[in-house]
Amino acid sequence: MKRGVPTAAAAGTLVALALLAGSTSAPAPTPVPPPAPPPAALRLVSFDSCAEALAALRAAASASVGPWGFSGGWRTAVALDAAGADAKAAPGAREAGAAAPEHTGTNNHEADADEPDLVKTDGRRIVTVTGGVLRVVDPATRRVTGRLDLARTTPPVGWSAQNLLLHGDRALVLAAGVDVQPATAATRPAGRPDTDARLLLVDLTGAPRVTGTYRIQGHLADARLTGSTARVVIRSTARLTFPYAERATDAQRTATNRAVIAAAGIDTWLPAYEWTDGTLRHTGRVGCERLSRPDRFSGASTLTVLSFDLAADRLGDGDPVSVAADADTVYGTGQSLYLAGQRPPDRPGSPRWGRAMPEQVTEIHQFDTAAPGRPRYLATGSVPGWLINQYALSEWQGHLRVATTVEDGRAGRARSESAVRVLRRDGGTLAPVGAVTGLGRGERIYSVRFLGQVGYVVTFRQTDPLYSLDLTEPTAPRVTGELKITGYSAYLHPLPDGRLLGVGQEADRRGRTQGLQVSLFDVRDPARPTRLDQYHVPGAYSSAEFDPHAFLYHPDSGLVALPVDDHVRLLRVTGDTITAVGPVRHPGAAGMVGRSLLVGGTLWTVSEAGLRASDPATTRSLAWLPST
């Protein structure tokens with residue numbers, strides 16, 4: 001066993017981890033009721049006219065609204081930007097000219113669907129967006145060669161959360177905007193401006209310059225890049241302002257809110273957008289003919305998928321397509337885009353609630369993204385429970401595998417269990433064809449990894465069962481092995497030679513977290529997964545537990561780079577052992593390192609303070625490029 005240098009985590013982080021770990025003294029799990037039958041088949045239906053769309057949206061919103069606005073979902077699933085198998089060249093790297101130096105790309109879930117991140121490289125340049133500034137670095141000379149202040153662009157992007165996609169000599173900057181909750185008097189007072197997601201197309205051939213902009217009402221959910229086509233997913237809430245009447249009864253408030261909905265026009269739900277091409281400004285709104293709905297919807301939100309060709313000189317109107325639904329998980333492959341979110345519950349107080357918690361169902365919408373341009377809707381399906389993140393979804397040989405947890409809120413996790421279900425498209429429906437249930441009774445899923453015909457699921461409450469699954473036969477998935485250890489893995493990464501690396505938290509026998517834990521598993525024998533080695537940093541955590549883009553693994557050298565508290569910790573995995581190499585730190589209060597990448601054998605680390613080039617074998621600093 002290798003042990004790291006003790007490092008104190010921030011108090012707030014430890015509190016969050018303690019909450020994730022659950023109660024420190026929990027009763028023994030009680031029997032779980034038989035799983036509920038699969039939800040009824042779903043599909044999307046298009047509207048024939050704006051009048052039909054408006055009537056349906058008003059009716060759904062009116063049925064969903066209560067005295068305090070729209071009720072939230074039974075549970076808000078954790079939405080994480082995803083990660084996955086290492087890619088030596090990020091999708092979209094320039095193909096012309098001499099071969100680029102060997103480099104690592106973004107740690108994507110699927111190799112053929114690049115994901116936005118705050119740093120991108122094609123081996124010839126490193127592009128970062130931190131502190132509202134885009135920077136271009138030449139890794140060969142270790143110099144900053146370009147800088148663009150995003151707050152000075154027109155329109156300005158400001159300091160909202162920003163990420164990048166890179167294709168050839170163009171970068172797409174994605175600014176998330178501010179997340180807007182369903183409208184209530186408390187969260188959406190009168191006069192609050194609509195939230196806008198903003199995109200900038202930046203030409204990198206010389207000094208970085210903006211060649212096109214895009215702005216749409218809503219919040220950036222996520223994006224994927226396949227070839228030169230970027231698909232951007234926008235979540236928009238109904239732009240309704242409900243008055244607050246302090247002395248009114250609940251029935252009176254509900255009636256008032258329904259009157260507001262009844263007077264709302266179609267533009268309350270369909271997001272408006274504008275885009276620029278040089279000095280020309282264009283405006284538009286998603287058309288009623290571009291809007292579809294599932295069989296059941298709340299009328300509180302809309303999902304819009306935009307498509308942009310990053311090989312073009314402008315962004316255009318995004319060719320939008322919308323669904324009257326909500327999603328907090330985006331999963332993409334080179335062929336498909338999936339949007340998943342919890343089905344809206346019945347309004348509290350309605351007869352369907354009774355004494356039970358509202359139904360926990362995740363709805364999934366599949367779109368065909370194999371060809372450039374607007375995605376084509378394929379199918380909709382649903383499964384019981386909620387997703388931990390996009391790693392709970394996996395498309396393989398025409399099937400979609402989905403891992404979910406169902407919890408009974410009245411009894412906490414003592415009445416929870418997890419399952420993996422296999423769906424297959426049947427017309428416009430994602431229909432269930434097989435399932436393995438009863439995983440981690442009394443626990444919930446903390447991480448999932450599907451790798452071809454096998455899968456791994458980690459559940460946790462007091463100990464960490466790592467389940468190995470055989471998914472070869474879609475109609476009969478099965479558990480092949482189980483390993484119980486203390487703590488849990490929040491992220492799982494495949495390694496060569498039948499090994500698996502887990503990043504998470506160590507815990508005592510009562511489930512109390514004890515600090516960062518990196519576990520090396522041997523999964524060659526599906527019936528007997530074992531842990532070969534462990535690396536533990538007491539009291540610490542890694543952002544890779546929640547953001548796999550922060551994780552770096554280089555298969556040729558066995559190098560692993562993990563942000564640990566405010567720095568990066570380098571490890572080396574060789575054979576059956578994990579060995580500590582050392583830390584890489586950045587100066588100043590803004591020096592919390594969030595990303596690592598390798599270009600031509602040099603390790604580059606990124607923080608708000610700047611970029612550092614280091615020798616990955618010794619952690620010796622080779623260059624420091626400050627942000628200012």
Side-chain angles (χ1 to χ4, degrees), residues 33-46 56 60 63-64 71-79 221 233 235 292-303 305 322-331 336-347 352-353 356-368 377-395 398-408 416-437 439 444-445 448 450 474-475 477:
L42 298 173
R43 63 168 298 136
L44 292 184
V45 178
S46 299
S64 302
S71 61
W74 180 86
R75 180 187 185 279
T76 300
V78 179
V233 182
R235 300 169 66 186
S292 300
R293 62 168 178 85
D295 295 331
R296 176 181 171 186
F297 63 108
S298 70
S301 54
T302 304
L303 295 170
V305 182
S322 294
V323 180
D326 197 8
D328 50 25
T329 302
V330 176
Y331 165 63
S336 301
L337 183 73
Y338 294 89
L339 310 181
Q342 286 214 274
R343 173 185 292 171
D346 292 300
R347 183 170 57 84
R352 287 174 59 92
W353 268 58
M357 294 297 293
E359 186 182 23
Q360 302 164 51
V361 176
T362 293
E363 294 184 347
I364 306 168
H365 308 293
Q366 180 188 10
F367 294 84
D368 180 358
Y377 164 72
L378 292 179
T380 291
S382 60
V383 294
W386 52 269
L387 308 174
I388 182 66
N389 54 34
Q390 67 151 318
Y391 280 82
L393 299 168
S394 170
E395 183 183 79
H399 293 84
L400 179 69
R401 292 84 64 89
V402 187
T404 59
T405 296
V406 176
E407 291 178 327
D408 186 335
S416 66
E417 72 165 73
S418 300
V420 173
R421 291 178 168 81
V422 183
L423 310 180
R424 185 176 179 85
R425 185 164 66 90
D426 181 5
T429 299
L430 291 172
V433 297
V436 54
T437 61
L439 304 179
R444 73 166 178 84
I445 289 176
V448 184
F450 294 106
T475 59

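- When the options Val305, Val233, Leu393 are evaluated for a side chain to side chain contact (heavy atoms under 4.5 Å, CB included) with Val330, the one that passes is Val233.
- Atom-to-atom distance recorded for Thr380:OG1 and Gln366:CD is 9.0 Å, nearest 0.5 angstrom.
- Leu387 approaches Ala340 most closely through the heavy-atom pair CD1-CB, 3.7 Å.
- In terms of heavy-atom proximity, Arg421 sits nearest to Thr404 at NH1-OG1, 3.9 Å.
- No side-chain heavy atom of Thr362 sits under 4.5 Å from any side-chain heavy atom of Val402.
- Remark: Arg401 pairs with Ser394, Trp396, Val422, Phe450, Leu471 by the side chain to side chain contact (heavy atoms under 4.5 Å, CB included) rule, at least two apart or across chains.
- Using a 4.5 Å cut-off on side-chain heavy atoms (C-beta onward), Val420 and Pro477 make no contact.
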TODO: Could you check Glu417 against Thr437 for side chain to side chain contact (heavy atoms under 4.5 Å, CB included), going step by step and ending with a plain yes or no?
DONE: CA-CA 8 Å; Glu417 72 165 73; Thr437 61; 3.9 Å; yes
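- Put simply, CZ on Phe367 and OG on Ser336 are 11.0 Å apart, with the number rounded to the nearest 0.5 Å.
- Looking at every heavy atom in both residues, Ser64 comes nearest to Ser298 through OG-O, 3.0 Å.
- With values rounded to the nearest 0.5 angstrom, Glu395 atom CD is found 10.5 Å from Leu337 atom CG.
- Distance CD1/Ile364 to CG/Leu339: 10.5 Å, rounded to 0.5 Å.
- Partners of Asp426 under the salt bridge (Lys or Arg N to Asp or Glu O under 4.0 Å) rule, at least two apart in sequence or in another chain, do not exist in this structure.
- When all heavy atoms of Ser301 and Asp326 are compared, the closest pair comes out as OG-CB, 3.2 Å.
- Relative orientation of the Tyr338 and Tyr331 rings is parallel, given thresholds of 30° and 60° on the angle between their planes.
- Listed by chain and residue number, Phe297 satisfy the side chain to side chain contact (heavy atoms under 4.5 Å, CB included) test with Ala60 (two or more places apart in sequence, or in another chain).
- For Arg235 (side chain) and Ala327 (main-chain N/O), a donor-acceptor pair under 3.5 Å exists by modelled atom type.
- At a cut-off of 3.5 Å, with distance as the only test, no side-chain donor of Ser382 or Glu363 sits close to an acceptor on the other residue.
- Here the side chains of Ile388 and Arg444 are in contact, with some heavy-atom distance below 4.5 Å.
- Taking every heavy atom of both residues into account, Gly398 and Arg424 meet most closely at O-NH1, 3.5 Å.
- Side-chain contact between His365 and Leu44 is present, with at least one heavy-atom pair separated by less than 4.5 Å.
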Task: CA sep, side-chain torsions, deciding dist, call: Gln342, Val361, side chain to side chain contact (heavy atoms under 4.5 Å, CB included) - done: CA-CA 6 Å; Gln342 286 214 274; Val361 176; over 6 Å; no
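- Between the side chains of Ser418 and Thr405, at least one donor N or O sits under 3.5 Å from an acceptor N or O.
- Judged purely by atom type and a 3.5 angstrom limit, Thr329 has no side-chain atom pairing as donor or acceptor with the backbone of Asn389.
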